[in-house]
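Here's the structure, in structure tokens; my notes come after.
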Amino acid sequence: MAKATTADNKAHGESRRDFLQLTAAAFGAVGVGSVAWPLVDTMNPAKDTLALSTTEVDLSPIQVGQSITVMWRGKPVFIRRRTEAEIEEARSVDVSGLIDKQSDAERIERPEWLVVVGICTHLGCVPVGTKTGEVKGDYGGWFCPCHGSHYDTSGRIRKGPAPKNLAVPDYEFLSDTRIKIG
Amino acid sequence: MGSGQREKFDNPVVEWVDSRLPVFTLMQREYGSFPVPKNFNYFWNFGAIAGVMLVTMIVTGIVLAMQYTAHTDLAFDSVERIMRDVNFGWMLRYMHSNGASFFFIAVYIHIFRGMYYGSYKGPRELLWILGVVIFLLMMATAFIGYVLPWGQMSYWGATVITNLFSALPLVGEPIVTWLWGGFSVDNPTLNRFFALHYLLPFVIFAVVFLHVWALHICGSNNPEGIEPKSEQDTVSFHPYYTIKDSFGLLFFLVLYCLFVFFAPDYLGHPDNYIPADPLVTPAHIVPEWYFLPFYAILRAITFEIGIPFTDIVFITAKLGGVIAMFGAIALWFVMPWLDTHPVRSARYRPLYRTFFILLVIDFVALGYIGSQAADAVLFGLPLSVMGLICTAYYFAFFLVILPVLSKKEKVKTLPNSIHDAVLAKNKSHS
Ligand code: HEM
Ligand code: FES
């Protein structure tokens with residue numbers, strides 16, 4: 001009998017000790033985590049960086065067929081005033097055959113204006129084709145020289161290693177000749 | 001460490017210190033009388049050489065850091081100031097930038113030496129793994145360091161490499177933003193890279209310490225790949241290998257100085273003398289030479305993996321490239337378990353020897369392919385195809401050839417002891 005009691009006590013004591021150890025460890029882990037997270041989070045964009053996240057652009061100097069590059073959040077944004085032919089080309093594409101399936105209408109506010117982030121979705125180079133005289137690639141939009149991605153007049157990926165279309169930033173028309181990006 | 005029997009030193013100051021903290025005993029035991037196989041060839045110099053290069057990098061780096069400014073508006077100019085105005089600044093910078101290259105030369109030779117003579121096999125697995133950790137840390141340090149001068153290659157190299165993480169599903173984008181501290185490579189990025197570039201070499205130093213500790217527990221491998229059996233097989237580290245290491249080191253340093261003083265920009269890229277411009281990507285982005293083989297593996301994967309004839313894709317080409325690149329190094333970690341053949345040295349494994357030499361050629365070829373534009377052509381063959389073939393061989397070597405040879409390869413007769421092997425060699429010479 002005595003033997004059984006000792007064993008009982010031991011088992012009892014052990015589970016009690018296990019419980020204490022586990023709770024102590026759990027609290028310790030929560031404590032470490034709650035200090036670690038702020039450290040990790042300091043490395044995320046700071047408030048001043050976030051505050052720079054809108055840019056207003058005056059569109060009036062841009063002629064039909066011309067493009068400009070503006071900076072937004074440290075990245076280039078391409079704004080192209082498309083010609084009728086370019087708009088037509090962007091619309092006539094069969095969406096189901098695209099790498100990243102999006103119709104032109106999903107990518108614009110007003111047909112004449114194409115606004116896209118000028119960063120190749122492959123590994124982040126800046127495609128050429130914005131300045132007059134630059135190569136525009138096989139589809140009349142942009143060409144990324146880094147690993148050879150071709151984008152069309154809607155900024156969609158058509159050929160090459162990039163997986164996605166050029167991103168469309170959030171933007172709104174403040175007036176007919178002014179937009180706010182971000 | 002140092003808790004065992006201690007012999008008294010004659011010098012009273014040394015003895016006073018040593019009886020309280022046995023550092024002299026430790027040095028004497030680990031580097032003085034430490035028994036080492038007597039048949040090392042010059043490939044065994046490169047560990048010591050790499051150590052000297054690490055110290056060179058830390059010393060020149062700390063002095064450079066006193067003149068360098070980690071801010072996007074000032075970094076490029078501060079490096080130019082180091083080059084033109086700071087006393088001997090040009091020399092420091094060239095010692096540091098070429099030092100990185102020579103550090104990698106030493107470490108690559110050191111690693112491939114280990115592969116040839118089977119130094120990764122038991123009981124040295126952990127020693128080997130720590131070495132691979134050092135190599136990864138070096139890659140991180142050198143990549144981050146190259147960003148600091150804030151030239152075009154700095155900026156675009158940083159952009160392309162950090163963007164690799166965006167290939168990860170779901171967490172990719174947040175991770176990249178977190179790495180950048182913004183929405184592109186910018187001032188927060190440069191600032192943290194400098195902090196990390198200062199930190200990582202000391203982490204490397206700590207891991208090197210563990211690496212050497214592990215080495216002194218199991219002892220050095222040697223060109224015969226058999227363990228020393230008696231005192232006849234070993235010599236004391238000092239003076240035999242202190243002198244041999246110094247001799248090899250001098251040769252190495254002469255080469256290093258040739259570059260530092262006579263071709264300081266030969267290994268660099270001219271575009272890095274153009275200040276970083278987030279709006280213009282250089283026509284041809286290349287990493288530093290020591291990353292080229294892995295860069296070629298990254299670019300070799302241009303196909304996606306999914307269900308054929310559907311749009312379902314499990315691994316995009318971009319993610320595939322990233323996995324292949326990191327996998328290429330990750331394989332080194334498990335090399336002791338991929339190659340379980342009981343014989344270490346390639347001297348006694350003719351098949352392994354052949355395939356290994358092919359691997360080295362393959363690795364160099366990958367380096368060449370990585371240095372060329374993605375659409376380049378050589379002898380009428382597109383380099384991208386050759387890149388894929390070389391990548392395939394690289395993976396086949398580790399994943400197919402090593403396990404098969406482990407089971408099948410017949411070896412040449414091993415010598416009875418290191419001593420016998422040395423005698424046999426001397427006989428054949430006379
Ligand atoms: C593992 C050791 C190290 C490696 C592999 C390494 C690598 C590099 C590389 C490749 C560069 C770019 C050189 C150029 O093109 O100009 C660089 C720059 C720099 N490194 Fe290091 N480094 C190491 C240790 C250190 C240490 C310990 C410090 C001390 C803080 C340091 C401070 C700097 C500074 C200030 C620069 C910018 C100036 C310049 O570009 O020359 N480095 N490093
Ligand atoms: S970054 Fe544009 S194609 Fe690779």
Side-chain angles (χ1 to χ4, degrees), chain A residues 39-55 68-78 96-101 117-131 134-135 142-149 157 159-164 167 169 181-182, chain B residues 72 155-167 169 172-189 191-192 195-196 277-286 295 298-304 311 313 315-322 373-376 384:
Chain A
L39 291 181
V40 171
D41 197 33
T42 52
M43 287 174 69
N44 271 319
K47 291 196 185 65
D48 61 338
T49 312
L50 293 171
L52 293 176
S53 56
T54 64
T55 305
I68 61 161
T69 306
V70 296
M71 288 298 272
W72 171 65
R73 288 174 157 188
K75 300 181 193 190
V77 170
F78 298 151
S96 66
L98 293 175
I99 298 174
D100 180 9
K101 297 170 183 40
V117 176
I119 303 252
C120 180
T121 57
H122 182 227
L123 293 175
C125 293
V126 178
V128 293
T130 300
K131 291 203 191 99
E134 280 179 351
V135 192
W142 287 271
F143 171 67
C144 181
C146 286
H147 316 93
S149 289
I157 175 69
K159 197 169 112 186
K164 291 209 184 90
I181 308 176
Chain B
T72 48
Y155 182 88
W156 289 102
T159 299
V160 168
I161 299 300
T162 48
N163 261 310
L164 292 179
F165 292 92
S166 71
E173 292 292 337
I175 286 185
V176 174
T177 308
W178 177 73
L179 286 174
W180 288 340
F183 302 101
S184 60
V185 173
D186 209 333
N187 197 48
T189 326
N191 218 168
R192 68 189 51 186
L196 292 173
D277 181 351
L279 292 182
V280 181
T281 309
H284 179 200
I285 300 183
V286 272
Y295 190 59
L298 168 79
R299 291 196 310 188
I301 310 298
T302 49
F303 50 86
E304 52 196 24
D311 287 335
V313 174
I315 299 178
T316 59
K318 182 166 143 182
L319 181 59
V322 174
D375 50 3
S384 54

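Lettering of chains follows the sequences in order, A, B, ..., and the numbering in each one begins at 1.
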Distance in Å, [X] [atom1] paired with [Y] [atom2], rounded so as to fall on 0.5 Å steps:
X       : Y       : atom1 : atom2 : value
T189(B) : M43(A)  : OG1   : CE    : 9.5 Å
N44(A)  : W180(B) : CG    : CH2   : 13.0 Å
R73(A)  : T177(B) : CZ    : OG1   : 8.5 Å

Can you say whether [X] sits under 4.5 Å from chain B via the side chain, the backbone, both, or neither, judging by heavy atoms?
X       : answer
T130(A) : neither
P163(A) : side chain
V40(A)  : both

What pair of heavy atoms forms the shortest contact from [X] to [Y], and how long is it?
X       : Y       : value
T49(A)  : G181(B) : CG2-O, 4.0 Å
P278(B) : G74(A)  : CB-O, 4.4 Å
T42(A)  : R192(B) : O-NH2, 4.4 Å

Quick one: are [X] and [Y] in side-chain contact, heavy atoms under 4.5 Å?
X       : Y       : value
T159(B) : C125(A) : no
V280(B) : V126(A) : no
K318(B) : T121(A) : no

### Query
Testing L164(B), V322(B), I285(B) for side-chain contact (heavy atoms from CB on, under 4.5 Å) with L123(A), which one passes?
L164(B)
#### Entry: Side chain, backbone, both or neither of W156(B) within contact of chain A (heavy atoms, under 4.5 Å)
side chain
### Summary
Among A373(B), A167(B), S184(B), the residue with the most heavy-atom pairs under 4.5 Å to chain A is S184(B)
### Query
Hey, which of S166(B), G321(B), P174(B), G182(B) has the most heavy atom pairs under 4.5 Å with chain A?
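Answer, by heavy-atom pair count under 4.5 Å with chain A: G182(B).
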